[in-house]
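As the structure lists them, so they are numbered: ligands from 1, and atoms in each ligand from 1. The structure displayed is predicted, hence computed values, not measured ones.
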Amino acid sequence: MNALSLHNIDKYYENGAHAVKGLNLDINRGEFIVVVGPSGCGKSTTLRMIAGFEKVTNGEIKVNDKFVNDLEPMKRGMSMVFQSYALYPYMTVYENIAFPLKMRNMRKDEIKRKVEEAAEVVNVTPYLKRKPGQLSGGQRQRVALARAMVANTAICLMDEPLSNLDAALRTGMRREIKKLHQRLQNTIVYVTHDQVEAMTLGTRIVVMKDGMIQQIDTPQNIYEKPANSFVASFIGNPQMNICTASVIKEGKQVKLLFGGEDLTLPPQTADMLERQNYVNKDILIGFRATDVLYEEGFVAEVEHVELLGNEQHVKANWNGQQVSLQAPSSMPIDKAVSFSINLDKLHFFDSDTEERIC
Ligand SMILES: Nc1ncnc2c1ncn2[C@@H]1O[C@H](COP(=O)(O)OP(=O)(O)OP(=O)(O)O)[C@@H](O)[C@H]1O
């Protein structure tokens, strides 16, 4: 039985915007699902439909196999953390966190214990007597997290809950959310545009673009086997380099014509490309900035270097295509950089459909 399932979901807003298109997603109990994608791809709309704040135009939402499309938000047994906090302004921080427990008529001493414990985890203990208006954005966001935490619902929905925190706090809170999930084993659906959050938090990641799911998979598979060139370039920092190349055959050997050179491919890859009729065709190849070797090979003109402590990110122009390379900061980088690509780490995509070949 799925904790939550979405089948053939479509959402049209009144202005005609088709925000979510034919979305299918089955979530098991205890999963931490991160929905990630660029601005406007339909992440928040999806979450709001699950919560019941937004009506579904077509399709079915089920919780534990029960149809909930027509159930009001309060009756869906979910808690939600919004980017905009949604705290009650006239209540103190303590009362805000305690609210879901009060609604369940929990004993006062039990409420106190749970509120104090949650406040400690998210670091808002000194502010329990204040009103939300007397807190910074980051503090309010942490209160909202504490409230969702104590509610301890079977399903918790989070919409960019860390967006107002500074980098250090965000890392700390990420760790807390993960620990909390491991302890409570509840089902979380978490929306973000931040691929680092997606990679570090999700047991599975859902990548969306233009209202459609591009891939649902574990963080590792999304990174290592992106389903198409969009996922490949969206996940990972620096972005994966995507370039055009041609597949050719010389004698019995299938090769890649690329950057003015022909490269011999690993036998399995060569077989796969030939079997799928890519010989004499253009394809897209992808390689990560980390999958290059700095040795005699291609030569690219350096455009920009960003030093990040122990590594440096290099943007370079290579035959008119911009490529990102990552190198140890100890490596001297001047006007040009010579590199070769680790051919075992190449990704291949169809140049028309942009779908993964291998
Ligand atoms: N109330 C609304 N009325 C009309 N169109 C809307 C409404 N809310 C969102 N949209 C449109 O629906 C699409 C999806 O929006 P949504 O907020 O779900 O995206 P998102 O991925 O969450 O973006 P962001 O990361 O910027 O929050 C966008 O094109 C947006 O302009």
If you apply the rule side chain to side chain contact (heavy atoms under 4.5 Å, CB included), what do you find for Leu4 with Ile61, and how did you get there? CA-CA 7 Å; Leu4 178 65; Ile61 301 184; 4.2 Å; yes
Would you check, one step at a time, whether the test side chain to side chain contact (heavy atoms under 4.5 Å, CB included) holds for Met1 with Asn64? CA-CA 6 Å; Met1 184 167 65; Asn64 296 329; 4.1 Å; yes
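The contact set between ligand 1 and Gly40, taken as ligand atoms under 4.0 Å from a residue heavy atom, comprises 13 (C), 14 (C), 19 (O), 20 (P), 21 (O), 23 (O), 24 (P), 26 (O), 28 (C), 29 (O). Atoms of ligand 1 found under 4.0 Å from any heavy atom of Asn15 (numbered from 1 in listed order, with element): 4 (C), 5 (N).
Nearest protein neighbour of atom 25 (O) of ligand 1, counting heavy atoms only, is Lys43 NZ, 2.9 Å. What sits closest to atom 5 (N) of ligand 1 on the protein, heavy atoms only, is Tyr13 CD1, 3.3 Å. Distance from atom 27 (O) of ligand 1 to its nearest protein heavy atom, with residue and atom name: Ser44 OG, 3.8 Å. With respect to atom 26 (O) of ligand 1, the closest heavy atom belonging to the protein is Ser39 OG, 2.6 Å.
Smallest separation of non-hydrogen atoms from Pro132 and Met91: CD-O, 3.1 Å. Taking each heavy atom of Leu263 and Phe258 in turn, the nearest pair found is CD1-CD2, 3.7 Å.
Under a 4.0 angstrom heavy-atom cut-off, Gly37 registers as lying outside contact with ligand 1. At a 4.0 Å cut-off, at least one heavy atom of Pro38 sits close enough to ligand 1 to count as contact.
Judged purely by atom type and a 3.5 angstrom limit, Asn241 uses its side chain to pair as donor or acceptor with the backbone of Phe287.
Under the 30°/60° scheme for interplanar angles, the aromatic rings of Phe230 and Phe234 are found to lie parallel. Note on ring orientation: taking the six-membered ring where Trp is involved, the planes of Tyr190 and Phe32 are tilted (angle from 30° to 60°).
Remark: ligand 1 and Ala17 share no N or O pair separated by less than 3.5 Å (distance only, no angle test). At under 3.5 Å, a nitrogen or oxygen of Thr45, whether backbone or side chain, sits near a nitrogen or oxygen of ligand 1. For ligand 1, the polar-atom distance check against Ala19 finds no nitrogen or oxygen pair separated by under 3.5 Å.
Here Arg113 pairs with Glu110 in a salt bridge; the nearest charged N to carboxylate O distance falls below 4.0 Å.
Of the heavy atoms in His193, none comes closer than 4.0 Å to ligand 1.
Each of Ile50, Ile188, Val191, Val81 was scored for a side-chain contact (heavy atoms from CB on, under 4.5 Å) with Leu157, with one residue passing: Ile50.
Counting protein heavy atoms under 4.0 angstrom from atom 31 (O) of ligand 1 gives zero.
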